[in-house]
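What follows is a single structure, written as structure tokens, with notes after it.
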2 protein chains.
Amino acid sequence: MENGDAFDPNCPTRLILDRIGDKWSVLVVLSLREGPRRFTELRDAIGGVTPKVLTQTLRAMEHDGLLTREVFAEVPPRVEYTLTPLGQSLHAPIRSVTEWAERNVHAVLAARAAHAG
Amino acid sequence: MENGDAFDPNCPTRLILDRIGDKWSVLVVLSLREGPRRFTELRDAIGGVTPKVLTQTLRAMEHDGLLTREVFAEVPPRVEYTLTPLGQSLHAPIRSVTEWAERNVHAVLAARAAHAG
DNA sequence: CAGAATCCGGTTTGATACTG
DNA sequence: CAGTATCAAACCGGATTCTG
């Protein structure tokens, strides 16, 4: 079936949604879409993320094959994060969601306001 | 700018991502895309969701103008949930994400396995 | 049937400070 | 620079029970 499987808790699609649906992964993909970035660059680009959480996010994404982590033996140390082809392929779907968000955010906010919320 | 704003914690895009990035909203949109559904139908269609959480999700989505809630004064009571045009417009972006997930789930799982995860 | 209310544990998140 | 350690808080979410 086309998407009924997404409703099965054991369906792998759920795994992906849980992963990329997290607060920071989407921002990381967007931040890396134009090339490699260092840890601090990512932290600064993504507002409001603490080092710990950013590390968790990056590790998880590396674990899932979405990006690679490269350590340069330099002083001062340098670590670069780069999207894999798999990670890059995620950019298009993410874009379609963020574009929807940008186009419709006022409609959502209007609905909230109308609800006295 | 095209998406730099998404990195501002106060950016409305973040609000949307936080909302539709939750565990169940996506499934609700998919469940409702072919027409109205009753509460129990939704609960049964979406595996693993408790009434409380489903109610929370539906209320939040109603609040945001993504769906409407219609109560019929019958016995037994009947409540139908229907996507608004706004909610329906969310279907396409969601599809593009779930399609990515379905296409690439094995790649992700392979990466996890390769990582001894 | 469609929820509301309550209770409660566990994961997630975060601020802060510290280290190689 | 690139994280880690520690601790506390928030929140999510589940089970259960109850009601109109």
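A note on names: the letters A, B, ... follow the listed sequences, proteins ahead of strands, and every chain is numbered from 1. As a basis for the values below, the full set of heavy atoms in this structure was taken, side chains included, without hydrogen atoms, waters or symmetry mates.
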Options [options], nucleotide nearest the side-chain atoms of [X]:
{"X": "T50(B)", "options": "dA2(D), dG14(C), dA15(D)", "value": "dA15(D)"}
{"X": "F39(A)", "options": "dG3(D), dA15(D), dT13(C)", "value": "dG3(D)"}
{"X": "V53(A)", "options": "dG3(D), dG14(C), dA4(C)", "value": "dG14(C)"}
{"X": "P51(A)", "options": "dT4(D), dG14(D), dA2(D)", "value": "dT4(D)"}
{"X": "P77(B)", "options": "dA4(C), dA2(D), dC1(C)", "value": "dC1(C)"}
{"X": "V79(B)", "options": "dG14(C), dA2(D), dG3(C)", "value": "dG3(C)"}
{"X": "T55(A)", "options": "dC1(C), dA15(C), dG3(D)", "value": "dG3(D)"}

Could you tell me whether the phosphate oxygens of [N], OP1 or OP2, come under 4.0 Å of any side-chain nitrogen or oxygen in [X]?
{"X": "R59(A)", "N": "dT4(D)", "result": "yes"}
{"X": "Y81(A)", "N": "dG3(D)", "result": "yes"}
{"X": "R38(A)", "N": "dA2(D)", "result": "yes"}

**Message:** I want to check something: taking the side chain as every heavy atom from C-beta on, are I20(B) and V29(B) in contact at a cut-off of under 4.5 Å?
**Reply:** no
**Prompt:** With sugar-phosphate meaning primed atoms plus P, OP1 and OP2, does R43(B) contact a base, only sugar-phosphate, or nothing at under 4.0 Å between heavy atoms?
**Reply:**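 Nothing, no heavy atom under 4.0 Å.
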**Request:** Could you give me the CA-CA distance, side-chain angles and deciding distance for F39(B) and T55(B), then say whether side chain to side chain contact (heavy atoms under 4.5 Å, CB included) is met?
**Result:** CA-CA 9 Å; F39(B) 184 86; T55(B) 298; 3.5 Å; yes
**Fill in**
Rounded to whole Å, the CZ-C1' distance (R78(A) to dG3(D)) equals 16 Å
**Prompt:** What is the distance, rounded to the nearest whole Å, between atom CG of D18(A) and atom P of dG13(D)?
**Reply:** 9 Å
**Message:** Check this for me: does the side-chain of K52(B) come within 3.5 Å of the base of dG13(D) through a donor and an acceptor?
**Reply:**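 Yes, the side chain and the base share a sub-3.5 Å donor-acceptor pair.
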